[in-house]
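One structure is given below, encoded as structure tokens.
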Amino acid sequence: MVKMKTLTALKQQVADGNKLTVLTAYDATFAHRFSSLGVDIILVGDSLGMVIQGQDSTLPVTMEDMQYHMTAVARGNQGALLMADMPFNSYGTLEQCLANAGRLMQAGAHVVKLEGGAWLADQVVALSRAGIPTCLHLGLTPQSVNKFGGYKVQGRDDQAAQQMINDAITLVEAGADFILLECVPSALAKAITEAVSVPVIGIGAGKDTDAQVLVCYDMLGLTTHRLPRFVKNYMADNTNLDAAVSQYIDEVRSGAFPAPEHSYE
Ligand code: KIV
């Protein structure tokens, strides 16, 4: 019988001072390997639009795509907590948000992830009431790449930084179970991690968040496009996937990853 990592157990792990490990996966085989090796959370990210489908952005990913990959990951999972991205334009209204989050939960997700700030507080409240845990993605939110004008570090000036802190606090007060920060200066990520009572997952957010996530194809050195500075290729020093993922887990737990060269100061 596989022991499942629950939201409560992972929150306790963080309260006890232990870092959480997160990797993306999109199919049963990778989900089986990562969860068997001890990865705490598997994210079925809409990054699948880029790494699986070869698209230029995450925007073309549909609910049907997410359900398909979520179902496959759930079949292979050996105990990790499963988080699924709500794709672009699938959670604008409360009705749409509840219906689509329900579809992902029925496909096997334990938590749904939404990109955006305090304006999503009503969605978080509604999902919480419906028994659906949430992760709110702040900073560089790839679904808004057209608004940002590119994939750029966010929260660099004082006003933007304060806004991000306020957004995180509002979302946690509304019932968010996780915050995810992408591409933000390390000092801001540290401040947000200290300001909220839920686990904060970082990607390009420095070493002080409670958890780290990477896109699996990036950290396994399989991606062909130019990688952002926050990615470490764990296949560079390893000859097989198990050794690479085990090194990632060890380095996140010990705090060795991310190093300053993977962070924005
Ligand atoms: O879609 C995804 O894989 C993500 C991670 C980059 C955090 O949102």
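Read the numbers this way: they start at 1 and go in the same order the structure lists the ligands and their atoms. What you are looking at is a predicted structure, and each value in this text was computed from that prediction instead of being measured.
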Go through ligand 1 atom by atom and flag the ones less than 4.0 Å from a non-hydrogen atom of [X].
X      : answer
Asp46  : 1 (O)
His137 : 8 (O)
Asp85  : 1 (O), 2 (C), 8 (O)
Lys113 : 4 (C), 8 (O)
Gly45  : 1 (O), 2 (C), 3 (O)

| query | Can you tell if the side chain of Arg33 reaches within under 4.5 Å of the side chain of Val245, non-hydrogen atoms only? | reply |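 No. Closest side-chain heavy atoms not under 4.5 Å.
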| Does the side chain of Gln212 come within less than 4.5 Å of Pro258's, by heavy atoms? |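 Heavy-atom side-chain distance check passes, below 4.5 Å.
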Looking just at side-chain N and O atoms, do [X] and [Y] make a donor-acceptor pair shorter than 3.5 Å?
X      : Y      : result
Asp167 : Thr170 : no
Gln163 : Gln159 : no
Gln143 : Asp46  : yes

Ligand 1 versus [X], non-hydrogen atoms closer than 4.0 Å: side chain, backbone, both, neither?
X     : answer
Thr58 : neither
Leu48 : neither
Thr24 : side chain

| What orientation do Tyr26 and Tyr217 show, parallel under 30°, tilted 30 to 60°, or perpendicular over 60°? |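 The rings of Tyr26 and Tyr217 stand perpendicular, inter-plane angle above 60°.
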| Once the angle between the rings of Phe257 and His262 is folded into 0 to 90°, is it parallel (under 30°), tilted (30 to 60°) or perpendicular (over 60°)? |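 Tilted: the ring planes of Phe257 and His262 meet at 30° to 60°.
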| said: Can you report which non-hydrogen protein atom sits closest to atom 5 (C) of ligand 1, along with the distance? | reply: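 I find the closest protein heavy atom is Leu43 CD2, 3.8 Å.
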| atom 3 (O) of ligand 1: the protein heavy-atom neighbour that sits closest, reported with distance to 0.1 Å |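 The protein heavy atom lying closest is Ser47 OG, 2.5 Å.
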